[in-house]
Amino acid sequence: MKKVFLGLFVGLLGLSLTACGAENNKSEAKEKNDEVTIYLIRHGKTFFNTTDQVQGFADSPLTDVGISQAEKLGEGLKDIKFDLAYSSELGRQRNTAKLILSKSEHKTPELLEHDGFKEWNYGGYEGKTNGEMWEPIFEKNGLKLDENWSDYEKLVEKIGDAGIANAIAENDPLKAAETYDEITTRGQAAMDQVIKDAKKKNAENVMIVSSGSMIPTILELIVPEEYQGEVLDNCSVTILKYKDNKYSLDVIGDTQYIEE
């Protein structure tokens, strides 16, 4: 009888130790994947980028240069296993994301689309020259718009992301451009969805392809005052970390992967 009880005790002890070990493994896995790395990428160069036309909700195709940029970036990031990938429905974002993922050495995730990652809606300025939209804003603030956007950081410093968006909306002859509140509402919703998905999937690396004005808006939302008006080139990479319900900015506008 004693042998039976001893056998039962040893068996139960073994089960307990196994369960404890499994729990520890889960805990270690959770701790390991507690940090999420987010790669915020601007789309490749487009036709409208080449012709200096305003491009927000309006879309234009990637040029040969833009395709090459996306492929080079894909080569540079091919060792990273992306657990989640996002763009909006805009073709320039979607196609950039697909080109990047096509170079991966790992199994790639399904590309998810969220309207929150679309570029700002510039309303009646869509398709017009950049000068027509931007010059009045620069001039009103005592600054000059040139081909290198040399005064852009000064403009951001002076009136901020909100001031720029609201000035565009106010000046728009069609009154169709988004206000800053409208832009940030969808941007915050998009990032909230990313974090929700990342926690559900236990994701470590996330890729988001967005646009040149929307990425700074996202940065201002989640890492306030970290963005200082830097111009984000096509296929530049901005890297964020998310841990303990907080974001931190590691890299902004990195172009090392696409430089000749």
Would Y180 and E220 count as a side chain to side chain contact (heavy atoms under 4.5 Å, CB included) if you check the C-alpha gap in whole Å, the side-chain angles of each, and the deciding distance to 0.1 Å?
-> CA-CA 12 Å; Y180 191 65; E220 189 59 30; 3.7 Å; yes

Side-chain heavy-atom pair L219, I252 within 4.5 angstrom cut-off = yes

Basic-acidic side-chain contact under 4.0 Å: K144, D151 | no

Any luck finding a side-chain donor-acceptor pair between D197 and Y86 under 3.5 Å?
-> yes

Do E259 and T255 have side-chain N/O donor and acceptor atoms under 3.5 Å apart?
-> yes

Which of H114, R94, K118 passes side-chain hydrogen bond (donor to acceptor under 3.5 Å, both in side chains) with E89? Answer is K118

Candidate list D59, N234, T46, test side-chain hydrogen bond (donor to acceptor under 3.5 Å, both in side chains), partner R92, passing option = D59

Cluster link I38 to L111, ILVMFWY, side chain under 4.5 Å | no

Same hydrophobic cluster for L232 and M214, using side-chain heavy-atom links shorter than 4.5 Å among ILVMFWY?
-> yes

Test side-chain contact (heavy atoms from CB on, under 4.5 Å) applied to K81 and E204, H106, K107, the passing residue = H106

How about P173 and Y125: do any of their side-chain heavy atoms sit closer than 4.5 Å?
-> yes

Could you verify whether a donor N or O on one side chain and an acceptor N or O on the other, from N166 and E170, lie under 3.5 Å apart?
-> no

Looking at residues at least two apart in the chain, or sitting in another chain, which of them share a side chain to side chain contact (heavy atoms under 4.5 Å, CB included) with E105?
-> K78, D79

Side-chain touch W120/I164, heavy atoms, less than 4.5 angstrom | yes

Check S88 against Q93 and note the closest heavy-atom contact, atom names and distance.
-> OG-OE1, 2.7 Å

Test ring pair (Phe, Tyr, Trp, His ring centres under 6.0 Å) applied to F138 - qualifying residues, sequence neighbours left out = none

Who are the ring pair (Phe, Tyr, Trp, His ring centres under 6.0 Å) partners of F82, not counting sequence neighbours?
-> Y39

Rounded distance [0.5 Å steps], CD in E126 versus CD in Q55 = 8.5 Å

Measure the shortest side-chain to side-chain distance between F117 and I218 over non-hydrogen atoms and say whether it is less than 4.5 angstrom.
-> yes

Heavy-atom check, side chain of L40 versus side chain of L240, under 4.5 Å | yes

Are the side chain of Q228 and the backbone of E225 linked by a donor-acceptor contact shorter than 3.5 Å?
-> yes

Count the heavy atoms belonging to other residues, nucleotides or ligands that lie under 6.0 Å from NZ of K175, then report whether that count exceeds 12.
-> yes

Does the side chain of V231 reach to within under 4.5 Å of the side chain of D233, using non-hydrogen atoms?
-> yes

Yes or no on side chain to side chain contact (heavy atoms under 4.5 Å, CB included) for E132 and V54, after CA distance, side-chain angles and deciding distance?
-> CA-CA 9 Å; E132 189 170 347; V54 176; over 6 Å; no

Under 4.5 Å between any side-chain heavy atoms of D254 and I239, yes or no?
-> no

Note: R186-E178 ion pair, threshold 4.0 Å (strictly below) = yes

